[in-house]
Amino acid sequence: MTANAAIRAIDIRAEARALHAAATVAGHAPSIHNTQPWRWRLSSSELDLYLDHSRALDVTDPDSRLAILSCGAALHHALVSIAAAGWHTVLARMPDPAHPDHLAQLRLDHRIPVTPAAIRHRQTIGLRHTDRRPAPSTPVHTDKLRAVVAAVESTGAGLHLLRPDQVYDLAGAADQAQRAEGEDLAWQAELRYWAGGTRLLGSGVPDAVIPDRSARTTVPGRDFGHHGDLSVSGSDDNAAAFAILYGPEDGEVDWLRAGEALSAAWLTATELGLSLVPLSATIEVAVTRERMRSLLAGVGRPHLVLRFTTRDPALTAAPHTPRLPAEQVIERF
Ligand SMILES: Cc1cc2nc3c(=O)[nH]c(=O)nc-3n(C[C@H](O)[C@H](O)[C@H](O)COP(=O)(O)O)c2cc1C
């Protein structure tokens with residue numbers, strides 16, 4: 001073997017390792033009800049992301065908008081992992097119009113310098129999680145919210161911070177959405193399938209991360225239909241800030257990009273000591289999704305509502321939810 005051929009062989013092995021690591025790291029991504037509705041196909045030079053319909057929510061999310069958004073978060077986690085390994089990625093979103101479930105294709109192009117920000121983001125992926133407890137009374141610093149807005153905008157999406165009067169509109173819409181969903185027996189059955197218990201199979205929302213009582217919140221959090229085991233102190237969430245994540249249009253590629261933006265926002269928020277909780281009920285129900293659209297006053301289409309609070313350093317972190325084994329979501333060929 002010539003020296004050039006040997007170097008190329010080493011590079012191919014390094015590329016394959018970086019792609020496999022990216023798909024593995026992407027497993028930490030947040031997803032609606034922790035469904036993890038993604039599937040990765042890995043070859044030595046390409047990584048392909050697919051929507052796995054068998055783990056999408058037929059009743060709650062019939063268009064798969066939140067499933068695709070979740071896949072977008074996994075895609076962004078994969079890109080972070082690749083950047084931290086020192087590679088530039090060539091990314092094609094929705095590469096095959098004949099197969100809309102084929103959400104993205106990634107190829108490694110050339111080596112790039114590893115930045116401290118890339119390393120930090122890679123480390124933050126393992127720390128990020130959803131903490132549904134109400135906030136302490138420390139307000140959320142405007143500069144930190146501005147940094148989160150910048151992180152979202154760097155992905156091509158937008159984040160609209162709600163004014164206090166708009167938060168009341170959001171609260172009313174969230175209540176309306178949760179009532180509509182709660183009256184639907186099929187929706188209740190789907191929620192029971194995905195939430196509660198100890199979740200031995202590595203997906204779904206375990207009781208350990210569901211609050212043990214209803215808190216006095218301005219905007220109602222997800223009603224899981226029962227209380228869990230996560231101990232909640234008596235505080236309310238008066239100091240929380242709320243925002244709508246939005247994009248220019250309301251199609252599959254916009255949902256995928258919104259998921260990338262969610263990941264960017266969440267990693268940045270975590271690094272700045274903020275807690276982020278997605279609130280998707282108002283997006284799941286068409287009539288309240290329209291109410292969210294009117295709060296955006298024409299700047300874009302709503303994809304997700306986010307709650308931000310200042311993390312209380314005195315509180316022990318809420319437990320992390322389980323994940324599916326990597327070999328169940330990564331297929332090598
Ligand atoms: C698109 C999307 C919608 C979500 N909606 C909600 C929600 O309405 N309420 C909630 O408490 N958590 C919501 N979550 C958080 C998920 O339940 C959470 O990411 C998942 O259980 C995995 O847990 P982790 O974030 O702690 O890793 C949402 C997450 C995503 C990606």
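Order of appearance sets the numbers: ligands from 1, and atoms from 1 within every ligand.
Taking the six-membered ring for Trp and the full ring otherwise, His102 and Tyr50 have centroids separated by under 6.0 Å.
Protein heavy atom at the shortest distance from atom 27 (O) of ligand 1 is Arg323 NH2, 2.6 Å. Looking only at heavy atoms of the protein, atom 14 (N) of ligand 1 is closest to Pro278 CG, 3.7 Å. Looking only at protein heavy atoms, the nearest one to atom 22 (C) of ligand 1 is Thr321 OG1, 3.5 Å. Among all non-hydrogen protein atoms, the one lying nearest atom 17 (O) of ligand 1 is Arg132 NH2, 2.9 Å. Protein heavy atom in closest approach to atom 5 (N) of ligand 1: Ser280 OG, 2.8 Å.
With no hydrogens or angles considered, a side-chain donor-acceptor pair links His121 and Glu271 at under 3.5 Å. In summary, the side chains of Glu284 and Thr60 do not present any donor paired with an acceptor at a separation below 3.5 Å, with no hydrogens or angles considered. A donor-acceptor pair shorter than 3.5 Å cannot be found between the side chains of Asp223 and Gln178. With hydrogens and angles left out, the side-chain atoms of Arg323 and Thr321 include a donor and acceptor closer than 3.5 Å. For the residue pair Asp207 and His227, no side-chain donor N or O sits within less than 3.5 Å of a side-chain acceptor on the partner.
Assignment of His320 to the shell around ligand 1 is not supported, since no heavy atom sits closer than 4.0 Å. Residue-ligand proximity: Ser70 is placed with a non-hydrogen atom under 4.0 Å from ligand 1.
Close approach to His129 involves these atoms of ligand 1, each under 4.0 Å from a residue heavy atom: 26 (O). Residue Thr130 has at least one heavy-atom neighbour below 4.0 Å for each of these atoms of ligand 1: 15 (C), 18 (C), 19 (O), 23 (O), 24 (P), 25 (O), 26 (O). Taking a cut-off of under 4.0 Å to the non-hydrogen atoms of Pro30, the atoms of ligand 1 that pass are 19 (O), 25 (O), 31 (C). Against a heavy-atom cut-off of under 4.0 Å, Ser31 is close to the following atoms of ligand 1: 16 (C), 17 (O), 18 (C), 19 (O), 20 (C), 29 (C), 30 (C), 31 (C). Residue Asn34 has at least one heavy-atom neighbour below 4.0 Å for each of these atoms of ligand 1: 20 (C), 21 (O), 22 (C).
With salt bridges taken as basic N to acidic carboxylate O contacts below 4.0 Å, one links Arg293 and Glu290. A salt bridge between Asp61 and Arg65 is absent, with no side-chain N of the basic residue lying under 4.0 Å from a carboxylate O of the acidic one.
With a heavy-atom cut-off of 4.0 Å, Leu262 touches ligand 1 through its side chain alone. If you look at Val205 next to ligand 1, the close heavy atoms, those under 4.0 Å, all belong to the side chain.
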Anything under 3.5 Å between a donor and an acceptor, one on a side chain of residues 109-118, the other on a protein residue two or more places apart or in another chain? List them.
unit_1 : atom_1 : unit_2 : atom_2 : d
Arg111 : NH1    : Ala85  : O      : 3.4
Thr115 : OG1    : Ala118 : N      : 3.0

